[in-house]
2 protein chains.
Amino acid sequence: MGDKPTLNPRHNKAEVFARLRDAHAREVTEDYVEMIGDLINEEGEARSVALAERFGVTAATVNNTIKRLERDGFVTSRPYRSIFLTEKGETLAKKCRDRHQIVYNFLVSIGVDPDTAEFDAEGIEHHVSEETLRVFESAISS
Amino acid sequence: MGDKPTLNPRHNKAEVFARLRDAHAREVTEDYVEMIGDLINEEGEARSVALAERFGVTAATVNNTIKRLERDGFVTSRPYRSIFLTEKGETLAKKCRDRHQIVYNFLVSIGVDPDTAEFDAEGIEHHVSEETLRVFESAISS
DNA sequence: TTTTAAAGTTAGTCAAGGCTAAATTGATTT
DNA sequence: AAATCAATTTAGCCTTGACTAACTTTAAAA
Ligand SMILES: [Mn+2]
Ligand SMILES: [Mn+2]
Ligand SMILES: [Mn+2]
Ligand SMILES: [Mn+2]
């Protein structure tokens, strides 16, 4: 109290939170394109019902989200048919899958239980900057 | 394609995402109680205007959020006066501040630039389980 | 003490991301 | 070919968390 804090920490906290809000706005998109890619790889196609089952949400929710992804150019879809990634979607999916794997591997490498790592990585991945990701990467291979 | 994936990963992905959605539902609350605590420590009281400035949102947004925090028992407030943490709020604030610090210190300890660590920690903190936090902690002091 | 400025509140709007319930479509059986 | 079942879509609702604009209250200056 009394005087101004004048300590070292960034006085511009607002930047930090603006970036955080940005990351949040991308999370669902990132998880969806990654999952759609997984489904195409594993099962040959991505159906709404499989997305709903894997995310643990209703079919209606998946439908809304897919419409948003389509609007934003990440997927294409036709009524009652399966879902495809656009180029843009595939690019994002690959980036997210790689990042996810690095985060997961890093957590396991420092001694986190694989089961716990799977939970934590799903959230952490969206908040890891390129720089931190590279640090994680080199920590794994050392 | 072809056969079932039968690999090791949890088939019950839905659990992972349910936990992720839970974490998201708590993020704003956690950042607010932590920041309110910081303001009380640094400036003697927590005013709306300071929260708005630090989070980079409008006064109206702060007002809404404070009402929700009050409804949920984390803070008390009277019109045109400053904001106080309840016992419940203080407990959460302390937990969040400690966790935030551990995450930040851990990132710096593995070689992430302090500036970047500040950005990343603000998001990562909300997705780190108790177990992972303990691993971070012992990694710092070693 | 009046005026003005800053802080806080209220009202109304919006998008994201959830839900349920009901309708529709497509695929599989009979 | 018809009936049935599963998948998908639509409609309508809700909360969170953001905004702007207008208003009210408190605090500071004149
Ligand atoms: Mn992921
Ligand atoms: Mn994720
Ligand atoms: Mn924090
Ligand atoms: Mn945070």
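Treat the numbers as computed from the prediction; the structure is a model and nothing was measured. Just so we're on the same page: letters track the sequence lines, and every chain starts at 1.
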Please output the side-chain donor-acceptor pairs of residues 89-96 of chain B that fall under 3.5 Å, not counting sequence neighbours, one pair per line with the distance.
residue	atom	partner	partner atom	Å
B:Thr91	OG1	B:Glu87	O	2.9
B:Lys94	NZ	B:Asp98	OD2	2.7

* Yes or no on side chain to side chain contact (heavy atoms under 4.5 Å, CB included) for B:Ile83 and B:Leu69, after CA distance, side-chain angles and deciding distance? -> CA-CA 10 Å; B:Ile83 299 146; B:Leu69 294 187; over 6 Å; no

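Here D:dA28 presents its C1' atom at 17 Å from OH of B:Tyr80, a figure rounded to the nearest Å. In this structure, A:Glu27 atom CD and D:dT16 atom C1' are separated by 15 Å, rounded to whole Å.
Listed by chain and residue number, A:Asp38 satisfy the side chain to side chain donor-acceptor pair (under 3.5 Å) test with A:Arg97 (two or more places apart in sequence, or in another chain). Shown here are the side chain to side chain donor-acceptor pair (under 3.5 Å) partners of A:Thr86, two or more places apart in sequence or in another chain: there are none.
Across the interface with DNA chain C, nearest-nucleotide mapping of A:Gly56 and B:Arg81 shows B:Arg81 to be the residue nearer the 5′ end. In this structure, A:Arg21 and A:Arg47 both approach DNA chain D, and ranking their closest nucleotides by distance from the 5' end singles out A:Arg47.
Rounded to the nearest 0.5 angstrom, B:Leu20 CG and A:Asp120 CG are separated by 10.5 Å.
Rounded to 10°, the angle separating the first-five-pair axis and the last-five-pair axis of the helix from C:dT1-D:dA30 to C:dT30-D:dA1 equals 0°.
A salt bridge is defined here as a Lys NZ or Arg NE, NH1 or NH2 lying under 4.0 Å from an Asp or Glu carboxylate O, and B:Arg99 with B:Glu30 meets this definition.
Comparing atom distances between the B:Thr58 side chain and each of D:dT20, D:dA18, D:dA11 picks out D:dT20 as nearest.
Near DNA chain D, meaning a heavy atom under 4.0 Å from it, residues 63-73 of chain A has A:Asn63, A:Lys67 in order of number.
A donor atom on one side chain and an acceptor atom on the other are not found under 3.5 Å apart for A:His127 and B:Glu122. Between the side chains of B:Glu125 and B:His100, at least one donor N or O sits under 3.5 Å from an acceptor N or O.
Between A:His24 and B:His24, the ring-plane angle classifies as perpendicular under the 30° and 60° cut-offs. Ring planes of A:Tyr32 and A:Phe55: parallel class, angle under 30° (limits at 30 and 60°).
In the hydrophobic clustering of ILVMFWY residues, with side-chain heavy atoms under 4.5 Å counting as a link, B:Phe106 and A:Phe119 come out apart.
First and last contacting nucleotides of DNA chain C toward chain B (any atom under 4.0 angstrom from a heavy atom, 5' to 3' order): C:dA7 to C:dG18.
Residue A:Val62 is out of contact with every strand shown, counting any heavy-atom pair closer than 4.0 Å. B:Ser48 comes within contact range of the sugar-phosphate backbone alone, with a heavy-atom separation under 4.0 Å but no base atom that close.
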